[in-house]
Q: 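To start, I am sharing the structure in question, which I have written as structure tokens.
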There are 2 protein chains.
Amino acid sequence: MDMDPVFRALADPSRRALLDRLHTENGQTLGELCEGLTMSRQAVSKHLVLLEEANLVAVVWRGREKLHYLNPVPIAEIADRWIGKFERARVKALVDLKRELESDDEKA
Amino acid sequence: MDMDPVFRALADPSRRALLDRLHTENGQTLGELCEGLTMSRQAVSKHLVLLEEANLVAVVWRGREKLHYLNPVPIAEIADRWIGKFERARVKALVDLKRELESDDEKA
DNA sequence: GTTATAGGCAACTGTTTGGTTGCATGTCAA
DNA sequence: TTGACATGCAACCAAACAGTTGCCTATAAC
């Protein structure tokens, strides 16, 4: 699985807001997702396309309505496979930095 | 804490690669981080600035050398405060989608 | 059938971004 | 002190991006 589209999709605040909206109420139509937003329907639609391509949103057509469903799996995979690696390094990094600063002090 | 700079910094593959390099070996200089890369030193330097601004990298000057240290804390915070929310919704979302698809079948 | 509704497609625009190059500055070493 | 080394600053460029507008298609409702 390529995580790059996921990272890129998550980089935009508008798209994260859309995920938040779906998190609050799943299965909304494009029109519903546009309500209360300042940008045009087209802008929202484009954002949703990127979210779909990142597999963060799944769609189901019902007649002329397109229902959008949050798919948290890619987010979970990022947490598992990518963030976990750095989380494990957390304490180590702080220790490294502390040691480096101390060796600086010795030189001063 | 504003997570937006973190998300934006993580959106670029080159910057994630730099974090990987620091994860492998912490406290590298700009010159060291440039080794083996195709892009110019300036390009790497700019990426590092963004990583610093996102607080993902901490720097320590030692003479004319700038040592770069990975700071995994913002990544951990994203995992805790943002991803956790969606992770909790994971099963719920799948159930929602399944129910919706089934109600579609009934209509067909 | 006609009309309103939900959404898609394509062209265009201003801004951001990732990258380059050239030059300037500060630090170590001979 | 002179030169080499490590980095920063500024201007510039092409491509990507977020957003708009106008028009087209398909479904639902009357």
Side-chain angles (χ1 to χ4, degrees), chain A residues 2 4-22 25-54 56-69 100 103-104 106-108, chain B residues 2 4-22 25-54 56-69 100 103-104 106-108:
Chain A
D2 184 17
D4 195 60
V6 182
F7 278 108
R8 293 188 167 250
L10 293 179
D12 187 90
S14 301
R15 285 191 288 271
R16 294 200 302 275
L18 286 172
L19 292 182
D20 279 338
R21 288 188 146 219
L22 289 180
E25 184 182 341
N26 215 0
Q28 295 185 67
T29 67
L30 171 59
E32 286 168 342
L33 287 170
C34 286
E35 283 169 22
L37 297 184
T38 55
M39 58 184 158
S40 71
R41 176 178 57 86
Q42 281 308 313
V44 176
S45 177
K46 282 187 178 182
H47 283 306
L48 288 171
V49 167
L50 292 188
L51 290 171
E52 288 171 43
E53 285 172 354
L56 283 162
V57 162
V59 299
V60 175
W61 278 93
R62 185 162 61 188
R64 61 183 169 182
E65 285 180 324
K66 191 182 190 182
L67 305 180
H68 297 78
Y69 287 86
E100 184 58 44
S103 84
D104 258 28
E106 287 164 17
K107 279 163 194 147
Chain B
D2 184 16
D4 195 60
V6 183
F7 278 108
R8 290 183 169 253
L10 293 179
D12 186 87
S14 301
R15 286 191 288 272
R16 293 200 300 276
L18 286 171
L19 292 182
D20 278 338
R21 288 187 146 221
L22 288 180
E25 185 182 343
N26 214 1
Q28 295 185 66
T29 67
L30 171 58
E32 287 168 343
L33 287 169
C34 286
E35 283 169 23
L37 297 185
T38 56
M39 58 183 157
S40 71
R41 176 179 56 83
Q42 281 307 315
V44 176
S45 178
K46 282 188 179 181
H47 282 307
L48 288 171
V49 167
L50 292 188
L51 289 171
E52 290 171 42
E53 286 173 352
L56 284 162
V57 163
V59 298
V60 176
W61 278 94
R62 185 161 61 188
R64 60 184 169 180
E65 286 180 322
K66 191 183 191 181
L67 305 180
H68 298 79
Y69 287 86
E100 185 57 47
S103 84
D104 258 27
E106 287 164 17
K107 278 165 194 146

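Given the structure is predicted, the values throughout are model-derived calculations rather than measurements. Proteins come first, then strands; the chains are lettered A, B, ... in the order of their sequence lines, and each starts at number 1.
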Q: Dump the intermediate steps for side-chain contact (heavy atoms from CB on, under 4.5 Å) on A:T29 and A:L67, then the final yes or no.
A: CA-CA 5 Å; A:T29 67; A:L67 305 180; 3.5 Å; yes
Q: If you measure from CG on B:L56 to CG on B:L18, what distance do you get to the nearest 0.5 Å?
A: 11.5 Å
Q: Rounded to the nearest 0.5 Å, how far does CG of A:L33 lie from NE2 of A:H47?
A: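 Separation between the atoms: 12.0 Å.
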Q: So which atom in A:F7 and which in B:A11 form the shortest heavy-atom distance, rounded to 0.1 Å?
A: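 Here A:F7 and B:A11 meet closest at O-CB, 4.0 Å.
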Q: Could you check B:L30, B:L51, B:V60 and say which one makes a side chain to side chain contact (heavy atoms under 4.5 Å, CB included) with B:H68?
A: B:L30
Q: With a 4.5 Å limit on heavy-atom distance, are the side chains of B:P5 and B:E53 in contact?
A: no
Q: A:R21: what forms a salt bridge (charged side-chain N to carboxylate O under 4.0 Å, His left out) with it, not counting sequence neighbours?
A: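 If we apply the salt bridge (charged side-chain N to carboxylate O under 4.0 Å, His left out) test to A:R21, skipping adjacent residues, there are no hits.
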Q: Sequence neighbours excluded, which residues qualify as side chain to side chain donor-acceptor pair (under 3.5 Å) partners of B:K66?
A: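 In terms of side chain to side chain donor-acceptor pair (under 3.5 Å), with neighbours along the sequence ignored, B:K66 is linked to B:E52.
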Q: Enumerate the residues from residues 37-46 of chain B whose closest heavy atom to DNA chain D is under 4.0 Å, giving them by residue number; use none for an empty result.
A: B:R41, B:Q42, B:S45, B:K46
Q: Nearest heavy atom decides the nucleotide; on that basis, is A:H47 or B:G31 closer to the 5' end of DNA chain D?
A: B:G31
Q: Give me the first and last nucleotide of DNA chain C, going 5' to 3', that has any atom under 4.0 Å from a heavy atom of chain B.
A: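 For DNA chain C, the relevant span reads C:dT17 to C:dC28.
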Q: Which nucleotide span of DNA chain D, 5' end to 3' end, has atoms closer than 4.0 Å to non-hydrogen atoms of chain A?
A: D:dC17 to D:dA28
Q: Can you tell me how far apart CG (A:L19) and OG (A:S14) are? Round to the nearest 0.5 Å.
A: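 Result: 11.0 Å between the selected atoms.
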Q: Mind checking what makes side chain to side chain donor-acceptor pair (under 3.5 Å) contact with B:D4, not counting sequence neighbours?
A: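 Listed in chain order: A:R16, B:R8.
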